[in-house]
J.: 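First the structure, then my questions, so here it is.
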Amino acid sequence: MRSRTKVGDSIFNVFNNTLLLLLGIATLYPFLNLLAVSLNQSLDTMRGGIYLWPRDFTLDNYRLIFSNDRLFDSAALSVLRTLIGTGLSVICTIMVAYALSRREYMLRKSLNAIIVVSMYVNGGIIPIYLMIKNLGLTNTFAVYIIPGLIGAFNVMIMRSYFDQLPDGLVESAKLDGANEWQTLFRVVMPISLPVIATITLFISVGHWNSWTDNFLYNSKESLTLLQYQLMQILMQTTEQVSGGIGSGTDDAILNFTTPQSIRATMSMVVTLPILFVYPFLQKYFIKGMTLGAMKE
Amino acid sequence: MNRRRKSIRTITNEEGINIEQTAAKAIKTDAGLKNNLRKKKWKTLAQQYQLILMSVPFVGILALFSYLPLWGWIMAFQKYSIGKGIFGSEFVGFDQFVKLFNDDWFYTVLRNTLAMSLMHLITSFAGAIGLALFLNEVRSRLFKRTIQTITYIPHFVSWVVIASIVTLVLSPDFGPLNELLIWLGIVDEPIFFLSKEKWFWVIHTMAGFWKELGWSTIIYLAVLAGVDPALYEAADVDGAGRFRKMIHISLPGLMPTASILLILNTGYLIATGYESQMLLGNNLVMEYSQVLDLYALNYSMQIGDYSYGVAISMFKSVVSIVLVLLVNSWAKRIGQSTVL
């Protein structure tokens, strides 16, 4: 009986590990393939057969992207948006969450209700578009930052963390004569770095990956983000293949390389920064996610 | 008297015990203390000016962008023209909605929205539970962590890149899937998957499944970590193997969380965005790829009929609010915690 269980267990083990290994490969392979294509000479890629390694290694695709003024400006703008947007959003989220975690705060309940209900009620895509237009936010950099300044989900994760800090913490800071700002920035924030790291990751990835606000609100060339450039190249190539309007021919960059290579290279450019950051924060965001969800 | 009691009760709720005692006194003496109380309330509020500065402006911005657009719903009852604005446009009652409910394409788009949401909901639900159960059985911590880290990648990658990958993998020109199918002898010629209408829902579901699979396990893994070890020990004594313990202990342990998440997520069935459909779709598969938001966008931006676009948006928002409320009261009735 006992040995039968043992044999069964090791069969299960092998099966389980194989399955997970296959899943890992299925997740990783497309990215490795994109990387290989981006590092391969573009005309050579057209012959097919690029899997995990570049056949004709070159950095030309990357050189081309960064030497193209339009793409370089977009990349710079995306970085700027991510830095400014993340900085402001994180600070505002922390302040709002801190205020909402203070039990004696008189507006706590009403503000909390406003935030929670905002997760369920929304005017819809066209009313929001028209309001942003009427506020004069179209074709401005501000439209990337202001409408999403604080998000209900992030505030709630942050607040759950503050809620479970020891009660005496804020009180003793108060007794020492600290005002709210000092209490928040000198006492509460230093012991909340894990959750701050989590929120910073979520918000910065959100900014970096966003393109719909660019698509909806900003048609100005100088306000184009990197993700939107990639999106346009993607749409052009699918439209060309599907026999739609081929508007991509005036795109100068496609004269030097193939759509496939430029897509792979740009995908890598927008993906690599994320890959270098999130694994180091894994411990924190898992904790942050489960803390927020359990509280709900 | 009644009104005063009500106002006192509100204060009690917000202020805690101290004020409650004051309030009790105020009722007893019932003199001009009402004024005192109000003064005290304002005084406390004034003392909390720092907290107010920290929160009110930013919650205000959130409220502005979440609730002010609701005002735009008026347009759905108008024949709105940009030149005349909301105040100058002519009211037409429910005409836009009559048009909406007689519009065949609207039903096609609604079908697509619901079908793709439902397919995503079911696959991601089953996938998350399955993967969490398997990950939970891994003995090597390093292997477990590595698989977790890898499967989180697609969650952090933008939909633009995901769409780019899907295009690449499904490409008729040396795309890995076609190469594989030809190698296995299943097909003779490469298939251009993204141009096949009937395939779109499947492709969309697979892409979403792949993107969120790892991420969606986080909550389930946390629940599994909290399952009472005594249960596994008891099963050991009974001679149960790893697989049976997984089926008879781990899986039931997940069920309360799983069912509540499933119920709550059905509330969002219609509330999905348009990003993935817009990126993966093309002109050839429109009949299966277009969703409510894209239809509203097309109508408003290309045809310029904002009122009809708002009517579509409004339909979507109202149905989604009703769904969320229904689902929440359902969850409450079966005795689970709710979000609302």
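Just so we're on the same page: letters track the sequence lines, and every chain starts at 1.
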J.: Tell me whether the count of non-hydrogen atoms from other residues, nucleotides or ligands lying under 6.0 Å of CH2 in A:W181 goes above 12.
T.: yes

J.: When only pairs under 4.5 Å are counted, which of B:L70, B:V59, B:V166 shares the most heavy-atom pairs with chain A?
T.: B:V59

J.: Ignoring hydrogens and angles, tell me if any N or O in the side chain of B:K211 forms a donor-acceptor pair with the backbone of B:V157 under 3.5 Å.
T.: yes

J.: Do you know which of A:A152, A:A99, A:G148, A:A113 has the most heavy-atom pairs with chain B at a distance under 4.5 angstrom?
T.: A:A99

J.: Of the options B:F315, B:Y299, B:Y80, which is the one that meets B:Y308 in a ring-ring contact (aromatic ring centres under 6.0 Å, His included)?
T.: B:Y299

J.: Is it the backbone or the side chain of B:L135 that comes under 4.5 Å from a heavy atom of chain A, or both, or neither?
T.: both

J.: Tell me, side chain or backbone of B:I61 under 4.5 Å from chain A's heavy atoms, or both, or neither?
T.: side chain

J.: Checking heavy atoms, do the side chain of A:I125, its backbone, both or neither come under 4.5 Å from chain B?
T.: both

J.: Under 4.5 Å heavy-atom distance to chain A, tell me which part of B:M278 shows up: side chain, backbone, both or neither.
T.: both

J.: If we only count heavy atoms from C-beta on, is the A:T27 to B:P154 side-chain gap below 4.5 Å?
T.: yes

J.: Hey, are the side chains of B:F143 and A:L21 touching, using non-hydrogen atoms and a 4.5 Å cut-off?
T.: yes

J.: Tell me, for A:Q227 versus chain B, whether the close heavy atoms (under 4.5 Å) come from the side chain, the backbone, both or neither.
T.: both

J.: Any non-hydrogen side-chain atom of B:V285 less than 4.5 Å from a side-chain atom of B:K196?
T.: no

J.: Could you look at A:S118 and say if it's the side chain, the backbone, both or neither that has a heavy atom under 4.5 Å from chain B?
T.: both

J.: With a 4.5 angstrom heavy-atom cut-off, could you sort out which part of A:N134 is near chain B: side chain, backbone, both or neither?
T.: neither

J.: Measuring heavy-atom distances to chain B, does A:L20 have an atom under 4.5 Å in its side chain, in its backbone, in both, or in neither?
T.: both

J.: Are the side chain of B:Q48 and the backbone N or O of A:L107 linked by a donor-acceptor pair below 3.5 Å?
T.: no

J.: If I measure from the heavy atoms of chain A, does B:R244 come under 4.5 Å with its side chain, its backbone, both, or neither?
T.: neither

J.: Determine whether a donor-acceptor pair (N or O, by modelled atom type, separation under 3.5 Å) exists between the side chain of B:Q50 and the backbone of A:E180.
T.: yes

J.: Determine yes or no for a side-chain-to-main-chain donor-acceptor pair under 3.5 angstrom, with A:R102 supplying the side chain and B:L51 the backbone.
T.: no

J.: Is B:P57 close to chain A through its backbone or its side chain, or both, or neither, when contacts mean heavy atoms under 4.5 Å?
T.: neither

J.: Compute whether any side-chain donor of one residue and acceptor of the other, for A:R159 and A:N112, lie under 3.5 angstrom apart.
T.: yes

J.: For B:L213, which atoms come within 4.5 Å of any heavy atom of chain A: side chain, backbone, both, or neither?
T.: side chain

J.: Side chain from CB out, backbone as N, CA, C, O: work out which of these in A:R47 comes under 4.5 Å of a heavy atom of chain B, or both, or neither.
T.: backbone

J.: Which bit of B:W215 is near chain A, if near means a heavy-atom gap under 4.5 Å: side chain, backbone, both or neither?
T.: side chain

J.: So what's closer than 4.5 Å to chain B heavy atoms on A:Y129: side chain, backbone, both or neither?
T.: side chain

J.: Applying ring pair (Phe, Tyr, Trp, His ring centres under 6.0 Å) as the test, list every pair that has at least one member in residues 7-37 of chain A; sequence neighbours left out.
T.: A:F12-B:F243, A:F31-B:W210

J.: Does one side chain, of B:Q148 or B:Y152, offer a donor that lies under 3.5 Å from an acceptor on the other?
T.: yes

J.: Can B:E179 and A:Y51 be counted as having a side-chain donor-acceptor contact under 3.5 angstrom?
T.: yes

J.: Would you say that more than 12 heavy atoms from the other residues, nucleotides or ligands in this model lie under 6.0 Å from the NZ of A:K283, or not?
T.: no

J.: Which of the residues A:I146, A:L130, A:I274 is involved in the greatest number of heavy-atom pairs with chain B at under 4.5 angstrom?
T.: A:L130

J.: Is there a donor-acceptor contact under 3.5 Å from the side chain of A:S267 to the main chain of B:V161?
T.: no

J.: Examine whether an atom of B:T149 lies under 4.5 Å from a heavy atom of chain A, and if so say whether it belongs to the side chain, the backbone or both; otherwise answer neither.
T.: both

J.: Heavy-atom distance under 4.5 Å to chain B: side chain of A:I91, backbone, both or neither?
T.: neither

J.: Checking B:A240 against chain A: side chain, backbone, both or neither under 4.5 Å from a heavy atom?
T.: backbone

J.: Any idea which of B:M301, B:M314, B:M75 has the most non-hydrogen atom pairs under 4.5 angstrom with chain A?
T.: B:M301

J.: Tell me, for A:L137 versus chain B, whether the close heavy atoms (under 4.5 Å) come from the side chain, the backbone, both or neither.
T.: side chain

J.: Give, as side chain, backbone, both or neither, the part of A:M266 having an atom under 4.5 angstrom from any heavy atom of chain B.
T.: neither

J.: What option among B:V56, B:L261, B:T151, B:L168 has the most heavy-atom pairs under 4.5 Å with chain A?
T.: B:L168

J.: Check whether any side-chain heavy atom of B:S320 sits under 4.5 Å from a side-chain heavy atom of B:Y268, and report yes or no.
T.: no

J.: Please classify the contact of A:L184 with chain B as side chain, backbone, both or neither, using a heavy-atom distance under 4.5 Å.
T.: side chain

J.: Is A:W211 close to chain B through its backbone or its side chain, or both, or neither, when contacts mean heavy atoms under 4.5 Å?
T.: side chain

J.: By a 4.5 Å heavy-atom criterion (distance strictly below it), what part of B:Y274 contacts chain A: side chain, backbone, both, or neither?
T.: side chain

J.: For the interface with chain A, which of B:G72, B:A296, B:G175 has the highest count of heavy-atom pairs at distances below 4.5 Å?
T.: B:A296

J.: Identify which of A:L149, A:N33, A:N179 forms the greatest number of heavy-atom pairs closer than 4.5 Å to chain B.
T.: A:N179

J.: Between A:A26, A:C92, A:G123, A:P279, which residue shows the highest count of heavy-atom pairs closer than 4.5 Å to chain B?
T.: A:G123

J.: With a 4.5 Å heavy-atom cut-off, do B:F156 and A:L201 have their side chains touching?
T.: yes

J.: Going by heavy atoms in the side chains, are B:S171 and B:N178 under 4.5 Å from each other?
T.: no

J.: Checking A:I128 against chain B: side chain, backbone, both or neither under 4.5 Å from a heavy atom?
T.: both

J.: If I measure from the heavy atoms of chain B, does A:I114 come under 4.5 Å with its side chain, its backbone, both, or neither?
T.: both

J.: Tell me, do A:I115 and A:L100 make a side-chain contact under 4.5 Å, heavy atoms counted?
T.: yes

J.: Taking every heavy-atom pair that is under 4.5 Å apart, which of A:V205, A:L275, A:V270, A:I150 has the most such pairs with chain B?
T.: A:I150

J.: For each of A:L19, A:V96, A:N17, A:N16, tally heavy-atom pairs with chain B at distances under 4.5 Å, and name the one with the top tally.
T.: A:N16

J.: Go through B:I147, B:T146, B:I153 and name the one with the most non-hydrogen pairs under 4.5 angstrom from chain A.
T.: B:I153

J.: Would a 4.5 Å heavy-atom cut-off, applied to side chains only, mark B:R139 and B:R242 as touching?
T.: yes

